[in-house]
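We count ligands from 1, going down the list as the structure has it; atoms in each ligand are counted the same way.
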Amino acid sequence: MSKLVICDHPLIQHKLTFIRDKETNTKDFRELVDEVATLMAYEITRHIPLDTIKVETPVAIADAKIVSGRMLGLVPILRAGLGMVDGILKLIPSAKVGHIGLARDHETLKPMEYYINLPTDAKERLLIVIDPMLATGGSAIAAINSLKQRGCDHIKLMCLIAAPEGVKAVQDAHPDIDIYIAALDERLDERGYIIPGLGDAGDRMFGTN
Ligand code: URA
């Protein structure tokens with residue numbers, strides 16, 4: 001079964017409070033999401049493997065650590081996922097970035113992929129699918145399906161806020177995928193909003209409504 005990791009670092013929780021606040025303006029919202037994404041990148045990379053190399057300091061030879069293993073790829077789900085990319089790249093500047101665009105099909109109400117562009121070596125990378133809001137889980141599941149169909153099988157999911165319904169749906173569909181979130185909220189409302197959540201993440205990030 002996949003791991004659900006709630007990134008409960010006090011700075012993440014503090015910043016999340018202001019992200020939730022409806023009085024927070026677009027500029028501050030964007031900056032706070034960026035900062036939380038950086039802090040969450042620290043958590044999500046906590047267990048990546050290290051190699052030991054020799055490095056010559058001014059006084060001696062040291063056995064020193066460097067990151068090894070799979071390179072990273074970030075895959076934001078358009079459009080709200082874009083708001084977390086730069087924050088992660090601050091810590092992991094060598095990560096490549098793919099994009100997945102999903103829109104709700106008006107007839108089936110299911111997510112329909114309208115755009116996908118991945119790094120050519122995506123299969124070799126550890127991919128982090130990014131979507132601030134894990135609501136029903138439909139978009140995250142569709143994005144992960146799409147990556148798996150393309151042969152990518154090292155995937156993690158990073159969200160700011162999740163509803164229990166979304167977590168369960170992703171865990172049922174993809175029991176191999178670890179999920180990293182900053183908060184697990186109460187529930188979904190009848191419109192599919194997370195309660196208490198933060199409203200529409202894309203609108204708040206880009207100043208639309
Ligand atoms: N997407 C959002 O932006 N907000 C929600 O509450 C649910 C899905």
Inspect the contact between Asp172 and Lys168 and indicate whether a charged nitrogen and a carboxylate oxygen are less than 4.0 angstrom apart.
yes

More than 12 foreign heavy atoms under 6.0 Å from CZ of Arg70: is that the case here?
yes

If you group Ile, Leu, Val, Met, Phe, Trp and Tyr by side-chain heavy-atom gaps below 4.5 Å, do Met84 and Phe29 land in one group?
yes

Please check this pair: side chain of Arg150 against backbone of Ser146, looking for a donor-acceptor N/O pair closer than 3.5 Å.
yes

Can a salt bridge be assigned to the pair Asp63 and Lys54 using a cut-off of 4.0 Å between side-chain N and carboxylate O?
yes

Is the shortest side-chain N to carboxylate O distance from Asp86 to Arg30 below 4.0 Å?
no

By chain and number, the residues contacting ligand 1 below 4.0 angstrom (heavy atoms only) are Met133, Ala135, Gly192, Tyr193, Ile194, Gly199, Asp200, Ala201

